[in-house]
Number of protein chains: 2
Amino acid sequence: MDGTQIDQVRRFNRTVTERVGVLHGHYLGRGRPVGEARLLWEIGEQGQDVRRLRERLGLDSGYVSRLLRSLEADGLVTVEPRPRDRRVRTVRLTDAGRAERAALDRRSDELAGSLLEPLNAAQRVRLVAAMAEVDRLLTAATVALDRVDPDHPDAQHCLRSYFTELRERFETGFDPARSLLPDAGGLRPPHGLFLVARLHGEPVGCAGLKLPPGAPAEVKRMWVAPHTRGLGLGRRFLAELEARAAQHGFDVLRLDTNRALGAAIGLYHSYGFQEVAAFNDEPYAHHWFEKRITSVPSE
Amino acid sequence: MDGTQIDQVRRFNRTVTERVGVLHGHYLGRGRPVGEARLLWEIGEQGQDVRRLRERLGLDSGYVSRLLRSLEADGLVTVEPRPRDRRVRTVRLTDAGRAERAALDRRSDELAGSLLEPLNAAQRVRLVAAMAEVDRLLTAATVALDRVDPDHPDAQHCLRSYFTELRERFETGFDPARSLLPDAGGLRPPHGLFLVARLHGEPVGCAGLKLPPGAPAEVKRMWVAPHTRGLGLGRRFLAELEARAAQHGFDVLRLDTNRALGAAIGLYHSYGFQEVAAFNDEPYAHHWFEKRITSVPSE
DNA sequence: GGAGTTCTCTGACTAGAGTCAGAGAGTGGA
DNA sequence: TCCACTCTCTGACTCTAGTCAGAGAACTCC
């Protein structure tokens, strides 16, 4: 990361907060405090529990409560206890609330339009493409990789999605029972670990690592949610797993994969894996890969 | 401007205000209200008059005064009457103020760094390039074109810069006295007009239009400040002049230029001008261009 | 020297955006 | 049934970021 890059990022921040920020306050603020507008937005068409709103917006419970009272007084929302658990309260938009939300929506469109308006068609295309790129890369930078137990709900969610996808993509379908699965404890310390990637708290990918004593480390069950592909997450998982395997003193990382997973195979090649002879008899595998890594035993 | 573009701009706005905005408040806000920080920044190394600070930041005089009192109480600035006009007061940073400003600067760097930090080298390069593009195009969209009298200080500033540049770039140098200049009134109504481009209030370009009765309209003295080249300003000037000439009922737009101005010649070609035989005996011209335009007499 | 102007400052207010410490209703398990 | 816990709400504050209406000093022009 060099000084020129930092300077460019700072220039970008200044220009963007100036242009977008000023217009944002100007358009969206009209007549309604930003806090209320955000809330109105976050409630959505089907309503939300108050606690969830609080989490999503990261606000104090007292503050949210007060905002809701104000929206309620304006007739934009109704707040009712959830039948099953009457401590939890559910917020729903009234018709007036829906109308107000649509108005916000329109203003948001106007704001976007006013950024493009002074430009000619060619410039618009370039601006939008550059914005998409910035958007994608900033999003990528927001994804967090955390080690969790494979039984954690987020891990389970990813694994279910992973199996579903394999079932759809493998020519032969996929039955976890037929596959060489690590035993229950295989992906938790001390002989393994499991990572999930999260974007705004939602799980969007996973990867497991087997650390068998006396054998090479092995990547298992790497999966990235379709809507977050193209952010370089697969590569980041590999780098993280490689670093962790190295920390545990391993000097070879390997994995097997199915020929239907073309993008993954491309990734393994470009990340420095070499194709090797079959090192196991996984029935769903067509390719086996291996990479020498630099062991860095922790002291 | 289509819906997909609007959607992408909105996604961009959301991601950017989230990432940049959150970090902005977090980093820069530390210990000092944003208002004070902005002021500290705007004072700069050599100090500033209070009125100018007010203008630049667009703030109420009472508010600025109070912010200055607070900075003064913290020993960061000194405020003194200007010797020549004791109504105007000049703010200067103390050593402590300079240190505080440097700390803000560092935090700004950290903020920029924290956006890049989670990315790998290739992604950083792509992000920075995309940010530069967004920055450039949003800046382009901020430039305003206004009609002014050619004697207006902003117009004069541009014209002086224009002549200086011609003097440096023409093989033969440039002496306005030898050139075919429109007479004093030539670039003001009813037989002409003069435009300046302004970015944040600063003049960054100009272009004149002659509207001689019974002859084609003519572009004169088009100039764009070096630091704003590449924003499509030249093309925007031409489009604006063409539209205005058309409004006045002209159906041909022409201009002459010197062979040293390669970029301009490229622009004229790509904008639809055809090279024609010399239509005047301007001693500094090597190329003459003409474009048919659609006359739209105002009713 | 006086009138009108310019510039800055002070006092009095307002709105938004939160924070913090309970209170009270509701739930689940021993 | 009781106890601990969860969830939401209320009251009492705080801090920013302003706005508005003069007051008073300094300047300019006549």
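Note: hydrogens, waters and symmetry copies are ignored here, and every other heavy atom, side chains too, is used. Since the structure is predicted, the reported quantities are computational estimates derived from the model, not experimental observations. Order of the sequence lines fixes the chain letters, A, B, ..., with proteins taken first and strands second; residue numbering starts at 1 for each chain.
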Please report the shortest heavy-atom distance between B/C158 and B/P203, naming the atom on each side.
-> SG-CB, 3.8 Å

Ignoring hydrogens and angles, tell me if any N or O in the side chain of A/R198 forms a donor-acceptor pair with the backbone of A/A144 under 3.5 Å.
-> no

Within residues 40-59 of chain B, those residues having any heavy atom closer than 4.0 Å to DNA chain D are B/L59

Taking atom C1' of D/dG18 as reference, at what distance in whole Å does atom CZ of B/R38 sit?
-> 11 Å

Give the rounded distance in Å between these two atoms: CZ of A/R66 and P of D/dA12.
-> 11 Å

Describe the nucleic acid contact of B/R69 in one word from base, sugar-phosphate, nothing, applying a heavy-atom distance below 4.0 Å.
-> sugar-phosphate

Kindly say whether B/L119 contributes a backbone atom to a donor-acceptor pair with the side chain of B/R124 at under 3.5 angstrom?
-> yes

Is A/G62 touching bases, backbone alone, or none of the nucleic acid, heavy atoms closer than 4.0 Å?
-> base

Could you check how far OH of B/Y63 sits from P of D/dC15, rounded to whole Å?
-> 15 Å

Would you find a donor on one side and an acceptor on the other, under 3.5 Å apart, between the side chain of B/T15 and the backbone of A/D135?
-> no

Return the value, rounded to whole Å, for the distance between atom CG of B/L67 and atom C1' of C/dT8.
-> 14 Å

So, A/R126 and A/Q123: side-chain donor and acceptor under 3.5 Å apart, yes or no?
-> no

Output a table of donor-acceptor pairs, distance under 3.5 Å, between side-chain atoms of residues 53-68 of chain A and any protein atom two or more places apart or on a different chain; print 'none' if there are none.
residue : atom : partner : partner atom : Å
A/R56   : NE   : A/E42   : OE2          : 2.9
A/R56   : NH2  : A/E42   : OE2          : 2.7
A/D60   : OD2  : A/G62   : N            : 2.7
A/D60   : OD2  : A/Y63   : N            : 3.1
A/S65   : OG   : A/R69   : NH1          : 3.2

Hey, is the side chain of B/S61 pairing donor to acceptor with the base of C/dC7 inside 3.5 Å?
-> no

Evaluate the side-chain proximity of B/R101 to B/D105: yes if any heavy-atom separation is below 4.5 Å, no if none is.
-> no

Return the residues of residues 81-90 of chain B meeting this criterion: a heavy atom under 4.0 Å from some atom of DNA chain C. Order them by number, or give none.
-> B/R87, B/V88, B/R89

Nucleotide D/dA17, atom P - distance to CD of B/E36 in whole Å = 8 Å

Do A/Q156 side-chain atoms and A/P150 backbone N/O form a donor-acceptor pair below 3.5 Å?
-> yes

A/G35 or B/V64: which one's nearest nucleotide on DNA chain C is closer to the 5' end?
-> B/V64

D/dT14 P sits how many Å from A/D60 CG, rounded?
-> 16 Å

Here the gap from A/T90 atom OG1 to A/Q48 atom CD, rounded to the nearest 0.5 Å, amounts to 9.0 Å

